[in-house]
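First the structure, in the form of structure tokens, and then the observations on it.
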Amino acid sequence: MTRQVILGLLIILSVALFALWRIDNPRVERLRMAVADAVFPAFDWTSRPAATLTRMAEDFESYVRVYEENQELRREVQDLRGWREAAIQLEQRNARLRALNNVRLSPQMRFVTGEVLTDTGGPFSQSGLVNVGRRNGVQDGAAAMDGLGLVGRVSGVGEETSRIIYLTDINSRVPVVLQRTGQRAVVTGDNTGMPLVQFVEAPERVRPGDRVMTSGDGRVLPPDLLVGVVVRDSENRLRVRPAAEYARLEFVRILNFRPPQSVEGPGGLIGAALPASPTEEGVVNE
Amino acid sequence: MSDTTPILRHAFAAVVLTTLAALLLAVSLMPLRPATSGFAVPDLVLCLACAWALRHPQSAPMILMFAIGLIADLMLGRPVGLGALTLLLITEVLRRQPAGVPFLLEWVFVSLLILLGSLAQLGVLMITFAARPDTMMVLINAVVTALCYPLLAGAVRAALRIGRGRRQTE
């Protein structure tokens with residue numbers, strides 16, 4: 001009899017928790033981070049050996065195909081020399097143009113680097129736990145990058161840990177711009193290694209290989225972070241191949257980005273906004 | 001004295017169960033980077049709970065099972081409460097099964113329950129309009145979880161046998 005009562009209570013409790021998760025997600029996310037913070041010390045000793053093991057396996061693999069890799073690297077160096085030349089020329093030209101225009105660049109973004117402690121895969125979530133948190137200045141919603149591309153977004157901050165949901169997570173939506181055509185789109189995770197590119201205005205103009213950058217719309221992520229390149233899948237849908245290498249994700253940078261303030265209405269110097277009425281024109285002229 | 005010993009023994013077994021669950025959770029959380037490669041990730045904690053509920057239900061009270069499921073939900077980033085409820089209901093069904101069933105039959109039964117549980121979770125997410133993983137992926141995951149079951153059943157049996165051996169020598 002008491003068994004049934006306990007079972008009933010537990011069922012009600014889990015339904016209530018699920019409802020809370022569905023309705024007030026941020027609060028449950030905070031609970032999640034509290035649990036992560038509490039058990040964080042336990043992961044220090046699992047993440048390190050695991051990382052070492054992965055690295056050893058990768059090193060061994062690279063031993064096996066050292067010759068091919070050498071050839072590949074040679075080709076790549078050749079390629080990059082050309083690019084470096086191009087980059088230097090462009091930079092000089094850029095500097096000249098900037099001097100002409102007197103451009104003021106936005107202040108350099110700061111970042112903190114954290115080590116990936118755990119990562120969870122599976123159909124429900126693709127996220128990782130990083131060992132930097134509020135104490136290190138991480139803010140909720142901040143962008144996380146590896147050396148090259150966007151990894152994901154901070155979706156929960158604890159005192160000294162934070163959770164990053166990857167671009168591939170089903171809850172991940174990132175507003176982007178497709179570079180060659182300048183079209184806006186949204187990169188939507190679907191738990192595969194390559195997230196979908198959705199809401200493109202003219203998908204037929206998009207070519208595989210186009211670069212995908214964040215657009216900064218929505219004012220959560222900063223603009224112009226590299227996301228990846230466009231590919232087409234077997235069903236002819238547009239997907240993005242992330243530039244971030246999830247397979248060897250060890251350290252991530254979390255950017256400290258504050259969205260630019262928008263200017264709304266005239267400043268106090270000019271006075272309060274005038275009611276828009278064309279009949280006042282004569283008064284103004286006096 | 002003679003009736004406090006089984007209680008103590010069950011408490012000890014419960015501690016072993018909790019430790020095993022924590023270990024498996026740590027294993028699933030290890031950054032071995034399969035997260036985004038599209039590999040199926042077996043739900044080892046669920047396997048452990050199933051095997052334990054069948055073999056030693058006395059030492060796995062509902063509250064403990066629920067707590068394990070809830071912690072796993074929180075740590076693995078799954079919908080909170082949903083995984084715990086599934087785990088609780090599956091182990092409740094298994095608890096009522098008679099012991100001494102051939103292992104093959106047991107495996108089939110547990111696999112069916114795991115599959116059913118995954119589908120039920122998908123159904124709940126669909127009803128509540130939550131972000132829902134790809135059905136195919138969930139099914140593959142359930143199958144991989146079911147394939148991992150014999151491994152954990154063996155581990156549970158070994159753990160319980162060690163416990164029994166200790167008792168006999170005492």
Side-chain angles (χ1 to χ4, degrees), chain A residues 3 6-7 10-11 13-22 28 31-32 34-36 39 42-43 45-47 49-51 53-54 115-129 155-156 163 165-171 189-194 242 244 246-250, chain B residues 22-23 25-43 61-63 65-67 69-71 73-89 92 95 118 121-122 124-125 128-142 145:
Chain A
R3 286 190 64 81
I6 296 174
L7 182 61
L10 287 179
I11 290 175
L13 181 60
S14 51
V15 170
L17 276 172
F18 179 70
L20 186 67
W21 173 78
R22 195 68 196 97
V28 177
L31 174 70
R32 221 187 268 265
V35 172
V39 297
F43 287 113
W45 61 264
T46 59
S47 69
L53 273 180
T54 325
E115 192 178 356
V116 179
L117 290 176
T118 68
D119 65 11
T120 53
F124 286 106
S125 108
Q126 307 217 325
S127 61
L129 210 61
S155 79
R163 178 177 293 277
I165 72 166
Y166 296 153
L167 292 177
T168 53
D169 188 281
I170 43 169
N171 289 305
D190 64 346
N191 270 344
T192 60
M194 296 188 201
Y246 287 103
R248 46 181 70 183
L249 201 62
E250 203 174 332
Chain B
L23 266 177
L25 205 55
V27 168
S28 345
L29 281 169
M30 264 193 195
L32 293 173
R33 333 283 182 226
T36 50
S37 51
F39 278 131
V41 182
D43 190 347
M62 281 183 289
I63 294 177
M65 288 295 194
F66 179 73
L70 196 60
I71 295 286
D73 273 0
L74 286 172
M75 292 306 301
L76 296 173
R78 296 186 300 206
V80 177
L82 195 57
L85 183 61
T86 319
L87 189 138
L88 180 68
L89 291 180
E92 277 310 295
R95 211 185 277 274
S118 305
Q121 287 189 4
L122 268 183
V124 170
L125 289 176
T128 53
F129 299 107
R132 190 167 83 251
D134 184 38
T135 315
M136 204 52 215
M137 192 154 173
V138 172
L139 289 183
I140 292 173
N141 231 58
T145 306

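Just so we're on the same page: letters track the sequence lines, and every chain starts at 1. Computed from a prediction, not measured in an experiment: that's the story for all the values here.
With sequence neighbours excluded, the residues forming a side chain to side chain contact (heavy atoms under 4.5 Å, CB included) with B:Leu125 are A:Phe18, A:Trp21, A:Phe124, B:Pro79, B:Leu82, B:Ala130, B:Arg132, B:Pro133, listed by chain and number.
In this structure, B:Met75 and A:Val35 approach most closely via the heavy-atom pair SD-CG1, 3.5 Å. Of all the heavy atoms in A:Leu7 and B:Glu92, the pair that sits closest is CD1-CG, 3.6 Å. What you find for A:Ser14 and B:Leu85 is that their closest heavy atoms are OG-CD1, 3.1 Å. B:Met62 and A:Arg3 get closest at one heavy-atom pair: CE-O, 3.3 Å. Heavy-atom minimum distance, B:Gly77 versus A:Ser125: O-CB, 3.1 Å.
At a 4.5 Å heavy-atom cutoff, the contact between B:Ile63 and chain A is made by backbone and side-chain atoms alike. For a residue to count as touching a neighbouring chain, one of its non-hydrogen atoms must lie under 4.5 Å from one of that chain's; by this rule A:Arg22 touches chain B with the side chain only. Using a 4.5 Å cut-off between heavy atoms, B:Asp73 contacts chain A through its backbone alone, with no side-chain atom that close. Contacts of B:Thr128 with chain A are made by both backbone and side-chain atoms, with heavy-atom separations under 4.5 Å.
With chain B as partner, the option from A:Ile11, A:Val28, A:Asn171 having the largest number of non-hydrogen pairs under 4.5 angstrom is A:Ile11. Of all the listed residues (B:Ile71, B:Leu88, B:Asp134), the one sharing the greatest number of non-hydrogen pairs under 4.5 Å with chain A is B:Leu88.
At least one side-chain heavy atom of A:Leu17 sits less than 4.5 Å from a side-chain heavy atom of B:Leu70.
B:Met137 CE to A:Thr192 OG1: the interatomic distance, rounded to the nearest 0.5 Å, is 8.0 Å.
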